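Keep in mind that what you see is a predicted model, and the values were worked out from it rather than measured. Residue numbers begin at 1 in each chain, while the letters A, B, ... track the order of the sequences.
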Protein chains: 2
Amino acid sequence: MARYGKEHKEQTRRRIVETSGRRFKVDGVNASGIATLMADAGLTNGAFYAHFASKDDLVAGVVAEQLGGQREAIAALPADSGIEQIVRAYLSVEHPDHPGDGCPSAAMLDEIGRCDGVVRRAYTDGLLGVIDVIAARLEPDDPSSARVRVLATFAGMVGTLQLARALTDRHLSDQLLEQGVAHALANFAVADE
Amino acid sequence: MARYGKEHKEQTRRRIVETSGRRFKVDGVNASGIATLMADAGLTNGAFYAHFASKDDLVAGVVAEQLGGQREAIAALPADSGIEQIVRAYLSVEHPDHPGDGCPSAAMLDEIGRCDGVVRRAYTDGLLGVIDVIAARLEPDDPSSARVRVLATFAGMVGTLQLARALTDRHLSDQLLEQGVAHALANFAVADE
DNA sequence: ATTATCTATAGATCTATAGATAATGC
DNA sequence: ATTATCTATAGATCTATAGATAATGC
(Lines give C-alpha, C1' and ligand atoms only; values in the text may rest on other atoms or scores of the structure.)
Protein backbone atom coordinates (compact mmCIF):
# COMPACT_ATOMS: atom_id res chain seq x y z
CA MET A 1 0.00 0.00 0.00
CA ALA A 2 1.12 3.58 -0.01
CA ARG A 3 1.15 7.29 -0.15
CA TYR A 4 -2.11 8.08 1.52
CA GLY A 5 -0.41 11.24 2.60
CA LYS A 6 0.89 11.67 6.10
CA GLU A 7 -2.44 11.44 7.80
CA HIS A 8 -2.99 7.78 6.95
CA LYS A 9 0.19 6.65 8.60
CA GLU A 10 -0.51 8.79 11.65
CA GLN A 11 -3.97 7.32 11.87
CA THR A 12 -2.51 3.82 11.79
CA ARG A 13 -0.07 4.76 14.53
CA ARG A 14 -2.89 6.08 16.66
CA ARG A 15 -4.81 2.84 16.12
CA ILE A 16 -1.80 0.76 17.22
CA VAL A 17 -1.38 2.90 20.33
CA GLU A 18 -5.06 2.60 21.23
CA THR A 19 -5.43 -1.15 20.75
CA SER A 20 -2.07 -1.75 22.47
CA GLY A 21 -3.22 0.29 25.46
CA ARG A 22 -6.22 -1.95 25.89
CA ARG A 23 -4.12 -5.10 25.48
CA PHE A 24 -1.47 -3.88 27.94
CA LYS A 25 -4.12 -3.14 30.54
CA VAL A 26 -5.80 -6.53 30.14
CA ASP A 27 -2.78 -8.85 29.79
CA GLY A 28 0.12 -6.75 31.05
CA VAL A 29 2.93 -5.04 29.16
CA ASN A 30 5.42 -7.86 29.38
CA ALA A 31 2.91 -10.53 28.45
CA SER A 32 1.87 -8.74 25.25
CA GLY A 33 4.01 -9.58 22.22
CA ILE A 34 4.39 -7.35 19.19
CA ALA A 35 2.73 -9.83 16.83
CA THR A 36 -0.37 -9.86 19.04
CA LEU A 37 -0.40 -6.08 19.41
CA MET A 38 -0.21 -5.63 15.64
CA ALA A 39 -2.87 -8.27 14.99
CA ASP A 40 -5.14 -6.33 17.39
CA ALA A 41 -4.69 -3.35 15.10
CA GLY A 42 -5.32 -5.48 11.98
CA LEU A 43 -1.67 -5.48 10.90
CA THR A 44 1.31 -7.82 10.89
CA ASN A 45 4.43 -7.88 13.01
CA GLY A 46 6.81 -6.35 10.48
CA ALA A 47 4.89 -3.11 10.06
CA PHE A 48 5.50 -2.27 13.70
CA TYR A 49 8.96 -0.85 13.09
CA ALA A 50 7.71 1.68 10.58
CA HIS A 51 5.95 3.32 13.52
CA PHE A 52 8.08 2.66 16.59
CA ALA A 53 11.80 2.30 17.21
CA SER A 54 11.26 -0.40 19.81
CA LYS A 55 8.70 -1.89 22.11
CA ASP A 56 9.73 0.59 24.83
CA ASP A 57 9.01 3.40 22.39
CA LEU A 58 5.48 2.04 21.97
CA VAL A 59 5.05 1.63 25.73
CA ALA A 60 6.00 5.28 26.25
CA GLY A 61 3.50 6.31 23.59
CA VAL A 62 0.77 4.17 25.12
CA VAL A 63 1.40 5.53 28.61
CA ALA A 64 1.20 9.11 27.34
CA GLU A 65 -1.96 8.46 25.34
CA GLN A 66 -3.70 6.59 28.16
CA LEU A 67 -3.00 9.28 30.72
CA GLY A 68 -3.96 11.99 28.24
CA GLY A 69 -7.27 10.21 27.76
CA GLN A 70 -7.81 9.92 31.49
CA ARG A 71 -7.07 13.61 31.91
CA GLU A 72 -9.54 14.53 29.17
CA ALA A 73 -12.23 12.27 30.64
CA ILE A 74 -11.92 13.97 34.03
CA ALA A 75 -11.69 17.46 32.54
CA ALA A 76 -14.86 16.76 30.53
CA LEU A 77 -16.97 16.11 33.64
CA PRO A 78 -19.58 18.80 34.29
CA ALA A 79 -18.15 21.74 36.19
CA ASP A 80 -20.50 21.20 39.12
CA SER A 81 -19.54 17.55 39.56
CA GLY A 82 -17.39 17.26 42.61
CA ILE A 83 -14.51 15.17 43.76
CA GLU A 84 -16.90 12.67 45.28
CA GLN A 85 -18.25 11.77 41.87
CA ILE A 86 -14.72 11.17 40.53
CA VAL A 87 -13.85 8.96 43.49
CA ARG A 88 -17.07 6.95 43.31
CA ALA A 89 -16.67 6.33 39.59
CA TYR A 90 -13.04 5.27 40.07
CA LEU A 91 -13.76 2.92 42.95
CA SER A 92 -17.03 1.58 41.55
CA VAL A 93 -17.66 -2.16 41.77
CA GLU A 94 -17.57 -2.33 37.96
CA HIS A 95 -14.13 -0.81 37.49
CA PRO A 96 -12.14 -3.89 38.64
CA ASP A 97 -13.94 -6.07 36.09
CA HIS A 98 -13.05 -3.92 33.09
CA PRO A 99 -9.31 -3.31 33.03
CA GLY A 100 -9.31 -2.72 29.27
CA ASP A 101 -11.47 0.38 29.71
CA GLY A 102 -10.00 1.24 33.09
CA CYS A 103 -7.28 3.23 34.75
CA PRO A 104 -3.82 2.73 33.18
CA SER A 105 -2.08 3.25 36.51
CA ALA A 106 -4.04 0.51 38.25
CA ALA A 107 -3.33 -1.89 35.39
CA MET A 108 0.34 -1.16 34.81
CA LEU A 109 1.91 0.73 37.70
CA ASP A 110 4.29 -1.91 39.02
CA GLU A 111 5.41 -2.74 35.49
CA ILE A 112 5.92 0.95 34.70
CA GLY A 113 8.07 1.27 37.82
CA ARG A 114 10.48 -1.24 36.24
CA CYS A 115 10.56 0.42 32.79
CA ASP A 116 13.35 2.60 31.48
CA GLY A 117 13.57 6.36 31.96
CA VAL A 118 11.74 7.23 28.75
CA VAL A 119 8.63 5.33 29.83
CA ARG A 120 8.79 6.60 33.40
CA ARG A 121 9.17 10.18 32.23
CA ALA A 122 6.15 9.78 29.96
CA TYR A 123 4.30 8.37 32.94
CA THR A 124 5.37 11.17 35.29
CA ASP A 125 4.36 13.89 32.82
CA GLY A 126 1.07 12.23 31.94
CA LEU A 127 0.08 11.56 35.51
CA LEU A 128 0.81 15.13 36.58
CA GLY A 129 -1.62 16.21 33.88
CA VAL A 130 -4.30 14.04 35.48
CA ILE A 131 -3.42 15.22 38.97
CA ASP A 132 -3.57 18.86 37.93
CA VAL A 133 -7.09 18.66 36.52
CA ILE A 134 -8.22 17.08 39.79
CA ALA A 135 -6.36 19.67 41.86
CA ALA A 136 -7.97 22.44 39.81
CA ARG A 137 -11.40 21.08 40.72
CA LEU A 138 -10.47 20.81 44.37
CA GLU A 139 -8.73 24.16 44.79
CA PRO A 140 -9.57 26.38 41.84
CA ASP A 141 -7.75 29.31 43.41
CA ASP A 142 -4.45 27.59 44.02
CA PRO A 143 -4.28 24.15 42.42
CA SER A 144 -0.54 23.70 42.91
CA SER A 145 -0.95 23.84 46.68
CA ALA A 146 -3.03 20.66 46.48
CA ARG A 147 -0.80 18.80 44.05
CA VAL A 148 1.04 16.53 46.47
CA ARG A 149 -2.05 15.78 48.49
CA VAL A 150 -4.00 14.92 45.35
CA LEU A 151 -1.09 12.78 44.19
CA ALA A 152 -1.02 10.80 47.44
CA THR A 153 -4.79 10.37 47.46
CA PHE A 154 -4.77 9.20 43.86
CA ALA A 155 -1.98 6.70 44.69
CA GLY A 156 -4.24 5.31 47.39
CA MET A 157 -7.10 4.90 44.95
CA VAL A 158 -4.81 3.08 42.51
CA GLY A 159 -3.64 0.64 45.18
CA THR A 160 -7.21 0.05 46.30
CA LEU A 161 -8.35 -0.81 42.79
CA GLN A 162 -5.38 -3.13 42.22
CA LEU A 163 -6.06 -4.92 45.48
CA ALA A 164 -9.75 -5.27 44.68
CA ARG A 165 -8.68 -7.06 41.48
CA ALA A 166 -6.27 -9.40 43.23
CA LEU A 167 -8.57 -10.60 46.01
CA THR A 168 -10.58 -13.74 45.32
CA ASP A 169 -13.23 -12.86 47.89
CA ARG A 170 -15.71 -10.71 46.03
CA HIS A 171 -17.53 -9.55 49.13
CA LEU A 172 -14.30 -8.44 50.76
CA SER A 173 -13.28 -6.74 47.54
CA ASP A 174 -16.52 -4.73 47.49
CA GLN A 175 -16.08 -3.75 51.13
CA LEU A 176 -12.56 -2.62 50.32
CA LEU A 177 -13.79 -0.38 47.50
CA GLU A 178 -16.39 1.16 49.77
CA GLN A 179 -13.83 1.82 52.49
CA GLY A 180 -11.48 3.20 49.83
CA VAL A 181 -14.08 5.80 48.89
CA ALA A 182 -14.29 6.92 52.51
CA HIS A 183 -10.52 7.19 52.81
CA ALA A 184 -10.09 9.05 49.52
CA LEU A 185 -12.82 11.55 50.42
CA ALA A 186 -11.34 12.08 53.87
CA ASN A 187 -7.88 12.63 52.37
CA PHE A 188 -9.22 15.04 49.77
CA ALA A 189 -11.14 16.87 52.48
CA VAL A 190 -7.92 17.39 54.41
CA ALA A 191 -6.49 18.86 51.22
CA ASP A 192 -9.50 21.12 51.11
CA GLU A 193 -9.30 22.64 54.54
CA MET B 1 23.02 -36.50 43.43
CA ALA B 2 20.60 -38.07 45.80
CA ARG B 3 18.92 -39.38 48.84
CA TYR B 4 19.82 -36.75 51.33
CA GLY B 5 16.55 -37.64 52.96
CA LYS B 6 13.52 -35.48 52.62
CA GLU B 7 14.97 -32.44 54.28
CA HIS B 8 17.54 -31.76 51.59
CA LYS B 9 14.96 -31.54 48.85
CA GLU B 10 12.72 -29.37 50.99
CA GLN B 11 15.63 -27.09 51.70
CA THR B 12 16.30 -26.75 47.98
CA ARG B 13 12.66 -25.95 47.37
CA ARG B 14 12.77 -23.27 50.02
CA ARG B 15 15.89 -21.80 48.43
CA ILE B 16 14.20 -21.66 45.02
CA VAL B 17 11.16 -19.95 46.53
CA GLU B 18 13.30 -17.40 48.33
CA THR B 19 15.57 -16.46 45.44
CA SER B 20 12.61 -16.44 43.06
CA GLY B 21 10.78 -14.06 45.38
CA ARG B 22 13.61 -11.60 45.18
CA ARG B 23 13.88 -11.95 41.40
CA PHE B 24 10.12 -11.54 40.90
CA LYS B 25 10.13 -8.37 42.99
CA VAL B 26 13.08 -6.87 41.12
CA ASP B 27 12.32 -7.85 37.51
CA GLY B 28 8.65 -8.81 37.62
CA VAL B 29 7.00 -12.22 37.47
CA ASN B 30 6.49 -12.33 33.72
CA ALA B 31 9.98 -11.09 32.93
CA SER B 32 11.65 -13.82 35.03
CA GLY B 33 12.27 -17.06 33.15
CA ILE B 34 12.68 -20.43 34.80
CA ALA B 35 16.30 -20.85 33.71
CA THR B 36 17.18 -17.55 35.41
CA LEU B 37 15.23 -18.38 38.55
CA MET B 38 17.00 -21.73 38.86
CA ALA B 39 20.42 -20.21 38.16
CA ASP B 40 19.71 -17.75 41.01
CA ALA B 41 19.30 -20.79 43.26
CA GLY B 42 22.48 -22.40 41.87
CA LEU B 43 20.60 -25.00 39.82
CA THR B 44 19.68 -25.68 36.21
CA ASN B 45 16.39 -25.38 34.39
CA GLY B 46 15.45 -29.07 34.34
CA ALA B 47 15.50 -29.51 38.12
CA PHE B 48 12.64 -27.06 38.43
CA TYR B 49 9.95 -29.63 37.67
CA ALA B 50 11.03 -31.90 40.49
CA HIS B 51 9.81 -29.15 42.82
CA PHE B 52 6.94 -27.41 41.04
CA ALA B 53 4.22 -28.54 38.67
CA SER B 54 4.39 -25.30 36.71
CA LYS B 55 5.53 -21.73 36.90
CA ASP B 56 2.14 -20.73 38.33
CA ASP B 57 2.69 -23.28 41.09
CA LEU B 58 5.97 -21.54 41.95
CA VAL B 59 4.33 -18.11 41.82
CA ALA B 60 1.68 -19.26 44.30
CA GLY B 61 4.41 -20.61 46.58
CA VAL B 62 6.41 -17.40 46.34
CA VAL B 63 3.38 -15.24 47.08
CA ALA B 64 2.55 -17.31 50.17
CA GLU B 65 6.13 -17.27 51.42
CA GLN B 66 6.61 -13.55 50.82
CA LEU B 67 3.44 -12.59 52.65
CA GLY B 68 4.22 -15.03 55.45
CA GLY B 69 7.60 -13.33 55.85
CA GLN B 70 5.99 -9.90 55.88
CA ARG B 71 3.52 -11.05 58.50
CA GLU B 72 6.31 -12.44 60.68
CA ALA B 73 8.36 -9.27 60.32
CA ILE B 74 5.46 -7.15 61.52
CA ALA B 75 4.50 -9.57 64.28
CA ALA B 76 8.13 -9.54 65.50
CA LEU B 77 8.11 -5.79 66.13
CA PRO B 78 8.26 -4.89 69.82
CA ALA B 79 4.82 -4.89 71.43
CA ASP B 80 5.03 -1.20 72.27
CA SER B 81 5.86 -0.14 68.74
CA GLY B 82 2.82 1.44 67.25
CA ILE B 83 1.19 1.73 63.89
CA GLU B 84 3.15 4.87 63.14
CA GLN B 85 6.40 2.95 63.18
CA ILE B 86 5.04 0.40 60.71
CA VAL B 87 3.82 3.12 58.38
CA ARG B 88 7.06 5.12 58.52
CA ALA B 89 9.16 2.04 57.80
CA TYR B 90 6.91 1.08 54.89
CA LEU B 91 6.89 4.53 53.32
CA SER B 92 10.55 5.31 54.07
CA VAL B 93 12.59 6.95 51.32
CA GLU B 94 14.77 3.80 51.16
CA HIS B 95 11.95 1.33 50.48
CA PRO B 96 11.40 2.31 46.82
CA ASP B 97 15.09 1.73 46.03
CA HIS B 98 15.15 -1.84 47.34
CA PRO B 99 12.36 -3.82 45.74
CA GLY B 100 14.18 -7.11 46.27
CA ASP B 101 13.96 -6.69 50.03
CA GLY B 102 10.67 -4.86 49.90
CA CYS B 103 6.95 -5.39 50.00
CA PRO B 104 5.69 -8.15 47.66
CA SER B 105 2.39 -6.37 47.09
CA ALA B 106 4.03 -3.17 45.90
CA ALA B 107 6.29 -5.11 43.53
CA MET B 108 3.76 -7.55 42.09
CA LEU B 109 0.18 -6.47 42.75
CA ASP B 110 -0.93 -5.68 39.23
CA GLU B 111 0.67 -8.87 37.92
CA ILE B 112 -0.98 -10.90 40.69
CA GLY B 113 -4.33 -9.42 39.73
CA ARG B 114 -3.90 -11.07 36.31
CA CYS B 115 -2.81 -14.47 37.67
CA ASP B 116 -5.00 -17.55 37.90
CA GLY B 117 -7.16 -18.41 40.91
CA VAL B 118 -4.52 -20.50 42.67
CA VAL B 119 -2.13 -17.56 42.84
CA ARG B 120 -4.85 -15.08 43.76
CA ARG B 121 -6.12 -17.34 46.53
CA ALA B 122 -2.60 -17.66 47.91
CA TYR B 123 -2.36 -13.89 47.77
CA THR B 124 -5.72 -13.32 49.46
CA ASP B 125 -4.92 -15.73 52.30
CA GLY B 126 -1.40 -14.42 52.79
CA LEU B 127 -2.42 -10.79 52.75
CA LEU B 128 -5.19 -11.34 55.29
CA GLY B 129 -2.53 -12.78 57.57
CA VAL B 130 -0.58 -9.53 57.27
CA ILE B 131 -3.71 -7.43 57.71
CA ASP B 132 -4.71 -9.34 60.82
CA VAL B 133 -1.43 -8.79 62.67
CA ILE B 134 -1.76 -5.08 61.96
CA ALA B 135 -5.40 -5.04 63.03
CA ALA B 136 -4.46 -6.85 66.25
CA ARG B 137 -2.00 -4.09 67.05
CA LEU B 138 -4.54 -1.40 66.27
CA GLU B 139 -7.53 -2.91 68.05
CA PRO B 140 -6.34 -5.66 70.39
CA ASP B 141 -9.86 -6.13 71.78
CA ASP B 142 -11.65 -6.62 68.49
CA PRO B 143 -9.24 -6.97 65.57
CA SER B 144 -11.86 -8.16 63.09
CA SER B 145 -13.77 -4.89 63.40
CA ALA B 146 -10.74 -3.09 61.96
CA ARG B 147 -10.03 -5.56 59.17
CA VAL B 148 -11.57 -3.72 56.23
CA ARG B 149 -10.24 -0.37 57.35
CA VAL B 150 -6.75 -1.78 57.75
CA LEU B 151 -7.07 -3.44 54.34
CA ALA B 152 -8.01 -0.18 52.65
CA THR B 153 -5.26 1.74 54.41
CA PHE B 154 -2.70 -0.88 53.46
CA ALA B 155 -3.88 -0.73 49.83
CA GLY B 156 -3.21 3.00 49.92
CA MET B 157 0.31 2.43 51.20
CA VAL B 158 0.96 -0.09 48.42
CA GLY B 159 -0.19 2.33 45.72
CA THR B 160 1.89 5.11 47.23
CA LEU B 161 5.05 3.01 47.20
CA GLN B 162 4.43 1.87 43.61
CA LEU B 163 3.89 5.43 42.48
CA ALA B 164 7.03 6.62 44.27
CA ARG B 165 8.94 4.01 42.21
CA ALA B 166 7.41 5.05 38.91
CA LEU B 167 7.97 8.82 39.18
CA THR B 168 11.21 10.15 37.72
CA ASP B 169 11.15 13.25 39.92
CA ARG B 170 12.89 12.21 43.11
CA HIS B 171 11.84 15.26 45.06
CA LEU B 172 8.19 14.75 44.15
CA SER B 173 8.52 11.08 45.00
CA ASP B 174 9.82 11.93 48.49
CA GLN B 175 7.01 14.45 49.04
CA LEU B 176 4.53 11.77 48.00
CA LEU B 177 5.90 9.31 50.56
CA GLU B 178 5.67 11.94 53.28
CA GLN B 179 2.10 12.78 52.37
CA GLY B 180 1.34 9.06 52.20
CA VAL B 181 2.42 8.69 55.83
CA ALA B 182 0.02 11.44 56.86
CA HIS B 183 -2.85 9.83 54.96
CA ALA B 184 -2.18 6.34 56.29
CA LEU B 185 -1.99 7.58 59.87
CA ALA B 186 -5.18 9.57 59.44
CA ASN B 187 -6.96 6.55 57.98
CA PHE B 188 -5.71 4.27 60.74
CA ALA B 189 -6.78 6.84 63.31
CA VAL B 190 -10.29 6.77 61.92
CA ALA B 191 -10.17 3.01 62.32
CA ASP B 192 -9.13 3.60 65.89
CA GLU B 193 -11.90 5.88 67.02
C1' DA C 1 19.19 -48.87 44.89
C1' DT C 2 17.51 -44.55 45.02
C1' DT C 3 16.73 -40.00 43.42
C1' DA C 4 18.06 -34.89 43.05
C1' DT C 5 19.96 -32.68 39.61
C1' DC C 6 21.88 -32.14 34.90
C1' DT C 7 22.07 -32.26 29.83
C1' DA C 8 19.74 -31.97 25.76
C1' DT C 9 15.96 -30.88 23.28
C1' DA C 10 11.06 -29.87 21.54
C1' DG C 11 8.07 -26.58 20.11
C1' DA C 12 6.37 -22.05 20.93
C1' DT C 13 7.08 -17.34 21.22
C1' DC C 14 9.87 -13.15 21.62
C1' DT C 15 12.04 -8.68 19.41
C1' DA C 16 13.91 -7.07 15.41
C1' DT C 17 15.50 -6.80 10.46
C1' DA C 18 15.63 -7.25 5.28
C1' DG C 19 13.70 -7.37 1.15
C1' DA C 20 9.28 -8.03 -1.58
C1' DT C 21 4.79 -6.38 -2.70
C1' DA C 22 1.00 -3.58 -3.84
C1' DA C 23 -1.76 0.58 -3.72
C1' DT C 24 -1.94 5.25 -4.22
C1' DG C 25 -0.28 10.49 -5.46
C1' DC C 26 2.32 12.93 -8.64
C1' DA D 1 7.74 6.81 -7.99
C1' DT D 2 6.79 6.36 -3.45
C1' DT D 3 6.05 3.99 0.72
C1' DA D 4 2.92 1.46 4.12
C1' DT D 5 2.52 -2.99 4.91
C1' DC D 6 3.60 -7.93 4.31
C1' DT D 7 6.36 -12.18 4.14
C1' DA D 8 10.10 -14.55 5.72
C1' DT D 9 13.55 -15.16 8.78
C1' DA D 10 17.38 -14.63 12.40
C1' DG D 11 18.68 -15.41 16.82
C1' DA D 12 17.26 -15.34 21.51
C1' DT D 13 14.40 -16.90 25.01
C1' DC D 14 10.30 -19.20 26.90
C1' DT D 15 7.95 -23.43 29.42
C1' DA D 16 8.19 -28.11 29.75
C1' DT D 17 9.79 -33.02 29.10
C1' DA D 18 12.82 -37.22 28.71
C1' DG D 19 16.52 -39.67 29.73
C1' DA D 20 21.37 -39.65 31.68
C1' DT D 21 24.29 -38.97 35.58
C1' DA D 22 26.24 -38.96 40.00
C1' DA D 23 26.08 -38.84 45.01
C1' DT D 24 24.32 -40.63 48.97
C1' DG D 25 21.47 -44.05 52.41
C1' DC D 26 20.42 -48.66 52.98
Side-chain angles (χ1 to χ4, degrees), chain A residues 1-21 23-24 26-63 108 111-112 114-119, chain B residues 1-21 23-24 26-63 108 111-112 114-119:
Chain A
M1 305 90 175
R3 249 185 144 175
Y4 289 85
K6 247 183 198 185
E7 70 190 48
H8 184 257
K9 188 174 180 186
E10 272 170 22
Q11 206 175 337
T12 299
R13 192 196 137 103
R14 259 196 300 279
R15 198 172 72 242
I16 297 168
V17 169
E18 275 162 26
T19 56
S20 296
R23 175 68 70 171
F24 284 165
V26 173
D27 290 343
V29 174
N30 245 287
S32 302
I34 285 166
T36 301
L37 297 171
M38 291 301 276
D40 285 348
L43 297 166
T44 58
N45 169 2
F48 180 84
Y49 295 91
H51 297 279
F52 305 98
S54 65
K55 188 179 175 182
D56 272 340
D57 186 24
L58 168 67
V59 176
V62 166
V63 162
M108 307 190 284
E111 288 192 291
I112 290 168
R114 288 185 285 266
C115 284
D116 69 14
V118 174
V119 173
Chain B
M1 305 92 173
R3 246 184 147 179
Y4 289 84
K6 244 181 203 190
E7 69 190 49
H8 183 257
K9 188 174 179 185
E10 272 171 20
Q11 207 174 336
T12 301
R13 192 197 138 101
R14 260 197 298 280
R15 197 171 74 244
I16 298 169
V17 169
E18 275 161 25
T19 55
S20 296
R23 175 68 70 172
F24 284 164
V26 173
D27 290 344
V29 173
N30 244 287
S32 302
I34 285 166
T36 302
L37 296 170
M38 292 301 277
D40 285 348
L43 297 166
T44 58
N45 168 3
F48 179 84
Y49 295 91
H51 297 279
F52 305 98
S54 65
K55 187 179 176 183
D56 272 339
D57 186 25
L58 168 67
V59 175
V62 165
V63 162
M108 307 189 285
E111 287 191 292
I112 290 168
R114 287 185 286 266
C115 285
D116 68 16
V118 175
V119 173

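- Distance, B:N30 CG to C:dC14 P: 11 Å, rounded to whole Å.
- Annotation: side chain of A:V63 is not in contact with side chain of A:F24 (no heavy-atom distance under 4.5 Å).
- Candidate nucleotides C:dT5, C:dC14, D:dT5 were compared by shortest atom distance to the side chain of A:A47, and D:dT5 ranks first.
- OP1 and OP2 of D:dT17 both lie 4.0 Å or more from every side-chain N or O belonging to B:Y49.
- Nearest heavy atom pair, residue A:H51 against residue A:R13, reads O-NH1, 3.4 Å.
- Taking atom CD1 of B:I16 as the reference point, atom P of C:dA4 lies 12 Å away to the nearest angstrom.
- The nearest whole Å value for the distance from the CZ atom in A:F52 to the C1' atom in D:dT5 is 14 Å.
- Just one residue in the list A:L37, A:D40, A:L58 forms a side-chain contact (heavy atoms from CB on, under 4.5 Å) with A:I16, and that residue is A:L58.
- In this structure, A:H51 atom NE2 and C:dA16 atom C1' are separated by 15 Å, rounded to whole Å.
- With C:dA16, D:dT15, C:dT5 as the choices, the nucleotide that has an atom nearest any side-chain atom of B:A50 turns out to be C:dT5.
- In this model, the phosphate group of C:dT5 is approached by a side-chain N or O of B:T12 to a distance below 4.0 Å at OP1 or OP2.
- A 3.5 Å limit on both hydrogen-bonding distances identifies D:dT21 as the Watson-Crick or G-U partner of C:dA4.
- The structure places OG1 of B:T36 at 8.5 Å from CG of B:D27, a figure rounded to the nearest 0.5 Å.
- Separating the CD atom of A:Q11 from the P atom of D:dT5 is a distance of 10 Å, rounded to the nearest angstrom.
- Considering only side-chain atoms of A:T36, the nucleotide from C:dC14, D:dC6, D:dT15 that sits closest is C:dC14.
- The side chain of B:I34 has D:dT15 as its nearest neighbour among D:dT9, D:dT15, D:dC6.
- Within the 4.0 angstrom heavy-atom criterion, only backbone atoms of the sugar-phosphate kind lie near B:G33; the bases stay farther away.
- Partner assigned to C:dT9 is D:dA16, using Watson-Crick or G-U wobble distances below 3.5 angstrom.
- Judged as a side chain to side chain contact (heavy atoms under 4.5 Å, CB included), and not counting sequence neighbours, the contacts of B:A31 are A:N30.
- Note: NE2 (B:H8) to P (D:dA22) measures 17 Å, nearest angstrom.
- Picking from C:dC6, C:dC14, C:dT15 the nucleotide with the shortest atom distance to the side chain of B:L43 gives C:dC6.
- The side chain of B:K9 lies closest to C:dA4 when the candidates are C:dA4, C:dT15, C:dC6.
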